[in-house]
Structure formats: structure tokens, C-alpha cells
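All values below come from the heavy atoms of this structure, side chains included, with hydrogens, waters and symmetry mates left out.
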Amino acid sequence: MSELEDILENKITLKINGNDVVVDPKKLRFTEVTLSRYEEEEAVWYDYFGQRLAEAEYEYEHHKLKAEAIMAEKFAEFKDQGGSDKLVEAKVAKEETVKVALEDALIARQKVKVLQQHLRAWDKNHENAQSRGHLI
């Protein structure tokens with residue numbers, strides 16, 4: 001199998017807002033024969049991924065705020081026990097609930113990035129489709 005074929009086989013499934021979102025590079029493929037159909041469907045796919053991106057951004061912000069709230073709560077808790085701000089920050093960073101909340105935010109941020117990059121691919125592919133159409 002060629003490198004391109006390997007890439008095309010690499011579907012990514014993201015869980016966003018409780019739903020599976022499949023990022024399938026094969027949807028970006030077209031030929032002279034399939035160009036018209038591709039151009040008819042691309043706006044629908046672009047809209048779909050744009051909506052999923054909005055949901056992913058909401059999810060990311062939600063996780064980020066949750067992590068910040070947990071960190072603030074733990075900071076106050078440890079500060080009441082005494083110690084410098086640096087010591088308290090170190091204790092907060094070691095706290096398991098903080099680590100989990102930050103990891104959730106990182107995962108959510110990665111989903112946002114994957115969808116942003118996929119939409120960029122759709123933009124570039126739109127240009128390619130128009131160019132191919134003009135050549136035909």
C-alpha cells in the first residue's frame with residue numbers, strides 16, 4: 001500500500017458531546033467523474049464539521065473552566081493549611097483531581113485542533129476542486 005493509501009485509511013473517530021464524529025480523509029477525494037457530486041456535497045460536509053467544531057470548542061471551554069475551578073478550590077484548601085503560594089501551587093499541581101481535569105481539557109483541545117485542521121483541508125480541497133473544474 002502506498003503512503004497516500006495509508007493516510008486515506010486512517011479514519012479518526014472523535015467523541016464530541018456524546019456523539020461519534022468521524023473524520024474520514026476519503027471524503028476529500030474526487031476525480032473528473034465524481035467532481036460534480038463532490039461539489040454538490042462539500043458544503044454540507046463543511047457545515048457539519050463546522051457545527052461539530054463549535055460543539056468541540058464548547059466542550060473544551062467547559063473542561064478548561066472545570067479545571068480552573070478545581071485548581072482554585074484546591075489552592076484555597078491548601079492555602080488554609082499554610083505555606084507560601086509556590087508551595088501551595090506545587091501541592092495543587094500534584095493533586096490527582098487537578099491532573100485529571102487538565103488532561104480532560106487537553107483531550108478536548110486536541111479534538112478542536114483536529115476539526116480545525118480538517119476544515120482547513122476542506123478549504124484547500126475546495127480550491128483544488130474549482131481548479132480541476134476549470135481545467136476540464
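- The pair Arg37-Glu40 does not meet the salt-bridge criterion, since no charged nitrogen lies less than 4.0 angstrom from a carboxylate oxygen.
- No side-chain donor-acceptor contact under 3.5 Å links Lys74 to the backbone of Val98.
- Rounding to the nearest 0.5 angstrom, the gap separating the CD atom in Glu103 from the NE2 atom in His63 is 11.0 Å.
- Taking all atoms of both residues into account, the shortest heavy-atom contact from Gly82 to Val88 is O-CG2, 4.4 Å.
- Annotation: Lys11, atom NZ; neighbour count of heavy atoms from other residues, nucleotides and ligands within 6.0 Å does not exceed 12.
- Not a single donor-acceptor pair under 3.5 Å links the side chain of Asp20 to the backbone N or O of Thr13.
- In this structure, Glu95 and Lys91 have side chains that are not in contact, with every pair of non-hydrogen atoms separated by 4.5 Å or more.
- Ion pairing of Glu42 with Lys27 is absent here, as no side-chain N (NZ or NE/NH1/NH2) approaches a carboxylate O to less than 4.0 Å.
- Using cut-offs of 30° and 60° for the angle between ring planes, the Tyr58 and His62 rings count as parallel.
- For His126 and Trp122, the side-chain atoms include no donor-acceptor pair closer than 3.5 Å.
- Side-chain N or O atoms of Glu59 include one that pairs as donor or acceptor with a backbone N or O of Asn17 at under 3.5 Å.
- A distance-only check finds a donor-acceptor pair linking the side chain of Asp24 to the backbone of Lys26 [under 3.5 Å].
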